[in-house]
Amino acid sequence: MIRIQGLVKRHGSLEVLKGVSLNVAKGEVAAIIGASGSGKSTLMRCVNGLETFEAGSVVVDGVKIDGSASLADRQSAASRVCRQVGMVFQAYHLFPHRSVLQNVTEGPIHVLKMPREAAEARAIKLLDRVGLADRIDARPRHLSGGQQQRVAIARALAMEPQAILFDEPTSALDPRMTAEVLAVIADLARDGLTIVVVTHAMRFARNVAQTVHVLDHGVVIESGAPGQIFDAPREPATRRLLAESGAA
Amino acid sequence: MEEKAEPSSSRSSLSRRQAFVLLISLLSLLGSASFACADALDDVRKTGRLVYGSDEEGGAPYIYLNRTAPPKLVGFEVELMERIGRSMNVKAVFSQGLWENLLPVLDRGEVHVVANGYELTERRVRDFLPTRPYYVYQLQLMTRPDGLARSIADFNLPRPGGGPWQVGVLGNSAADTYAQRFDPRLVRVVRFDGATNAMMKVRSGQIDATLQDLPAARHYVLQPEFRELRLAGPPEGCGYYVMYVRKGEERLRDALDEAIGLVIRSGELKSVLEKYHVWNEAQAVLEGWAGAGRSEPKGNRPWFDLRLLRDFFPILLSSAVTTLILSFASMPLAIVAGLGIAIGRRYGPRWLRGLLGTYVEMIRGTPLMLQLFVLFYVLPELGILLSPWVAGVAGLAINYSAYEAEIYRAGLQAIPGGQMEAALALGMSRRMALRRVIVPQAVRIVIPPVTSDFIALFKDTSVCSVLTLTELTKRYSILSNSVGGVVEFGLATALLYLAMSLPLSWFSRWTERRLDAEGEKGA
């Protein structure tokens with residue numbers, strides 16, 4: 001489903017990603033863990049084309065973004081990838097000038113050119129699924145952080161993506177709201193959606209993910225089933241990370 | 001009962017009377033009261049300076065900077081004032097003022113005397129004291145050699161090419177008054193701020209002719225830049241240039257009269273006038289001047305004359321419509337252009353960003369007046385003829401587009417980067433993300449500053465008077481100079497501006513509230 005190969009990303013002379021390779025199968029839930037600054041968010045942004053990269057490639061469902069291709073080629077590939085891969089951001093990034101319902105219908109109506117009625121029916125169904133059917137006319141700023149993040153998830157789902165990337169979806173939330181959001185993600189995982197989630201919530205990664213990748217200083221140092229990573233980490237850096245987050 | 005009620009009612013009527021007195025004194029301060037209470041002649045003697053108001057703009061041969069290095073202020077009036085000062089044992093000092101505002105400047109007490117080709121007119125004599133004349137002027141028609149008008153008399157006949165004759169004049173001058181005597185169906189009078197502006201428009205063929213005071217016509221027709229113009233037909237009409245002092249300054253007036261008489265009798269005036277090629281036989285009458293037109297001032301007119309407003313308000317109103325049209329035609333253009341520029345500067349390629357940045361700095365860094373001048377007086381030299389309306393709307397739109405661009409740039413910068421990323425992640429193109437997500441948010445942010453700019457533009461339309469468009473401020477200036485009524489027309493003009501700008505403010509606040517309410521709806 002998603003194949004990342006030898007991805008290199010530089011900010012000037014600083015190499016943020018030093019040849020990252022990892023695969024996510026269809027229907028798989030993959031968690032990416034790592035210390036702050038290890039390059040997790042950058043990796044997510046490269047996968048759906050929000051950032052360019054210097055070398056390597058990303059293939060999503062057969063569409064290839066090539067780091068060495070021309071700008072125009074990369075942009076057209078990136079926009080095709082965007083339509084297949086949803087993204088949920090740490091800071092939600094809901095559109096403040098639109099209602100909850102409009103946030104969710106924006107993509108289907110204007111990008112997928114869906115009729116308004118169909119888009120709204122789908123949006124209401126999705127908002128119901130994330131538990132916000134009663135707030136469809138509210139403005140984002142009148143919602144709690146957890147509610148906003150659940151709207152953002154509905155917004156991503158409305159595009160019927162092949163996969164959704166979650167970039168630290170609960171880092172800005174308190175424990176109770178974190179639980180609300182993680183419950184929704186776990187629900188999606190059970191439905192067989194392909195999910196890549198960058199997270200610090202180790203218990204969630206352990207319970208929901210099928211594969212855990214550990215990123216350290218721009219390199220994937222360890223990948224495996226949650227049981228293996230959390231109970232028998234091979235790398236010292238992984239042990240350190242788990243000890244710091246109190247999950248070992 | 002009655003006795004009890006009395007004290008309070010008398011107290012309140014007293015305070016009302018005090019308030020009334022206060023209001024009157026405030027208004028008379030605003031109006032034509034003179035600040036200089038001391039006798040002007042004493043002031044001249046004490047300081048040794050005779051300050052005279054005059055306008056350098058388009059001022060040859062009256063007063064202008066000559067082309068020698070270093071430039072020196074010359075002109076027949078400059079030399080006349082020097083000689084008058086000498087015979088009064090004081091130094092004559094020039095003070096710059098806009099020609100049509102020189103009398104209000106005199107009224108404020110900024111200068112002792114106004115001497116700048118001011119004609120002896122009944123209207124001015126009502127409010128100011130004239131000296132004896134120092135020049136007999138006539139009006140001269142200037143045209144292109146291939147022009148249709150051969151002399152002033154032609155304006156009594158239909159224009160051969162159809163349409164009315166377009167005759168340029170210096171606004172509020174004797175030529176202005178003279179040209180208005182013709183049938184308005186045959187002659188359209190185009191008012192300019194400066195004498196040479198009218199000549200430039202004759203040269204480019206946009207108006208048929210210009211009617212000028214003879215000295216100016218004789219001077220400029222010899223200058224290289226107006227060599228293509230010619231003096232058409234004989235000079236006509238006749239009047240006197242006099243100096244004006246404030247009412248009640250009879251002593252200064254008498255002293256100036258004596259000095260002018262001396263300069264005339266000694267032949268100095270003739271030599272000065274000959275030096276500037278403006279002497280003719282008509283000047284002979286100056287010596288025999290016996291004080292005609294020296295009518296003593298009639299009684300003061302009321303401090304607030306409502307009849308003036310009754311008679312002239314419709315004219316004022318029609319000029320307000322000009323202001324409205326200019327504003328409402330130019331501001332939407334400026335807003336659209338500004339938004340485009342801002343988007344180009346923030347999201348465009350590097351070369352475009354540089355280009356637009358330069359545009360904004362160039363336009364913001366130069367005065368609107370200069371930009372209008374280029375559009376209207378310089379472009380015709382390159383063969384681009386814009387009508388006053390087109391030049392006015394284009395000039396205002398160009399000028400304000402730079403300011404709107406900066407406002408929108410700030411608005412766009414205030415939108416978090418995550419908004420663009422979220423839109424792109426939904427599969428939108430950048431263009432669609434701008435249209436659907438970024439710009440709608442930025443527009444909400446910029447409503448207050450854009451409204452405030454719109455109101456500023458209302459008032460900046462007054463600069464369009466350099467394009468011969470008579471908008472509200474220009475009309476006020478014309479009326480208060482030709483009819484009088486600085487206070488009356490000033491008040492009416494201010495009210496008209498407010499009547500135009502207040503609804504805008506209300507509209508802006510209503511829009512903001514409505515957008516806010518939209519946000520509250522689902523809360």
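Just so we're clear, the structure is a prediction, and the values are computed from it rather than from any experiment. Numbers restart at 1 for each chain; the letters A, B, ... are given by sequence-line order, proteins then strands.
Of the inter-residue distances, the one linking A:Glu106 atom CD with B:Met432 atom CE reads 8.5 Å to the nearest 0.5 angstrom. Taking NE2 from A:His93 and CG from B:Leu426, the interatomic distance works out to 12.0 Å, rounded to the nearest 0.5 Å.
The contact between A:Phe89 and chain B is made entirely by side chain atoms (from C-beta outward), counting heavy-atom distances below 4.5 Å. For A:Val100, no part lies near chain B; criterion is any non-hydrogen pair under 4.5 Å.
Nearest heavy atoms, A:Asn48 versus B:Ala425: ND2-CB, 4.0 Å. Minimum interatomic distance between B:Val437 and A:His97 (heavy atoms only, all atoms of both residues): O-CE1, 3.6 Å.
Counting non-hydrogen atoms of neighbouring residues, nucleotides and ligands closer than 6.0 angstrom, the CZ atom of B:Arg346 exceeds 12 such neighbours.
Inter-residue side-chain proximity for B:Glu421 and A:Met87 is flagged as unmet; no heavy-atom pair is nearer than 4.5 Å. At least one side-chain heavy atom of A:Arg98 sits under 4.5 Å from a side-chain heavy atom of B:Arg436.
Ranked by heavy-atom pairs shorter than 4.5 Å toward chain B, the options A:Ala158, A:Gly107, A:Pro96, A:Ala156 are led by A:Pro96. Among B:Gly418, B:Ala423, B:Ser429, the residue with the largest count of heavy-atom pairs under 4.5 Å with chain A is B:Gly418.
Between the side chain of B:Gln419 and the main chain of A:Leu94, a donor-acceptor pair closer than 3.5 Å is present.
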